[in-house]
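Let me begin by presenting the structure, written as structure tokens, before commenting on it.
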Amino acid sequence: VERWVKTGASSSLSGRRSRDTGPEVRLRKALHRLGLRFRLHRRIAGTRLTVDIVLARHRLAVFVDGDYWHGTCPEHPRTPTRGPNRDAWEAKFARIAANDQRAADLLAAEGYRVLRFRECQVDRDPEAIAGYIQHEVSLAH
Ligand SMILES: [Zn+2]
């Protein structure tokens with residue numbers, strides 16, 4: 001576990017949500033409108049890893065990644081970390097990336113297909129993302 005030093009930045013950073021974000025909620029509503037049924041924040045057995053949206057019948061696992069935490073968005077790169085907590089942030093981000101990979105491997109081993117979207121993609125057009133998921137569902141049968 002990372003070691004943290006208290007700084008003025010910590011209060012604003014701790015306000016960043018990683019679940020039930022606006023885009024995630026809008027995506028769920030769009031999926032509902034398409035008649036798709038799913039479960040939220042399901043834990044992968046034997047781990048502390050969770051899946052944002054699980055369509056168990058269709059063996060589909062959906063992640064909505066926040067740009068900040070996952071750092072995978074080419075349009076919204078993470079601002080470089082600095083200051084006394086730099087190492088702790090870097091360790092945290094590395095752990096998130098490792099967990100993403102581990103979750104994908106475990107889900108694949110259980111026969112799940114994994115879809116990852118970025119929060120900003122979902123925010124731009126939740127209906128389109130829901131439509132894409134519906135299309136994936138149709139391919140599963
Ligand atoms: Zn982005």
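- A search for side chain to side chain donor-acceptor pair (under 3.5 Å) contacts involving Asp105 returns Gln101, not counting sequence neighbours.
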key: Pair Thr50-Arg42, side chain to side chain contact (heavy atoms under 4.5 Å, CB included): steps then yes or no   = CA-CA 5 Å; Thr50 58; Arg42 304 303 293 176; over 6 Å; no

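- Residues meeting the side chain to side chain donor-acceptor pair (under 3.5 Å) test with Arg113, sequence neighbours left out: Glu136.
- Pro126 approaches Ala30 most closely through the heavy-atom pair O-CB, 3.9 Å.
- At a threshold of 4.0 Å, the pair Glu127-Arg26 does not count as salt-bridged, since none of the basic side-chain nitrogens sits closer than that to a carboxylate oxygen.
- For the residue pair Val122 and Ile129, the shortest heavy atom distance occurs at CA-CG1, 4.0 Å.
- Put simply, the side chain of Asp52 does not reach to within 4.5 Å of the side chain of Leu27, judged on heavy atoms.
- Look at Arg78 and Asp67 and you find no salt bridge, because none of the NZ, NE, NH1 or NH2 atoms lies under 4.0 Å from a carboxylate O.
- A donor-acceptor pair under 3.5 Å is absent between the side-chain atoms of Asn85 and the main chain of Ala88, judged by distance alone.
- Each of Arg57, His58, Arg28 was compared with Phe38 under the side-chain contact (heavy atoms from CB on, under 4.5 Å) criterion, and only Arg28 meets it.
- A distance of 12.5 Å separates CZ in Phe117 from CD in Glu24, rounded to the nearest 0.5 Å.
- Looking at Asp100 and Arg116, a side-chain N of the basic residue comes within less than 4.0 Å of a carboxylate O on the acidic one, giving a salt bridge.
- A heavy-atom distance below 4.5 Å is found between the side chains of Arg118 and Pro74.
- At a threshold of 4.5 Å between non-hydrogen side-chain atoms, the residues Arg48 and Asn99 do not count as touching.
- Distance alone, capped at 3.5 Å, places no donor-acceptor pair between the Asp65 side chain and the His70 backbone.
- The CZ atom of Phe93 sits 7.0 Å away from atom CD of Glu90, with the distance rounded to the nearest 0.5 Å.
- Residues Glu75 and Arg124 are paired through a salt bridge, judged by an N-O separation under 4.0 Å between the basic side chain and the carboxylate.
- Between Glu119 and Gly66 the shortest heavy-atom distance is OE2-CA, 3.6 Å.
- Taking Ile, Leu, Val, Met, Phe, Trp and Tyr as hydrophobic and joining them when side-chain heavy atoms fall under 4.5 Å apart, one finds Phe63 in a cluster with Ile44, Leu49, Val51, Val54, Leu106, Leu107, Tyr112, Val114.
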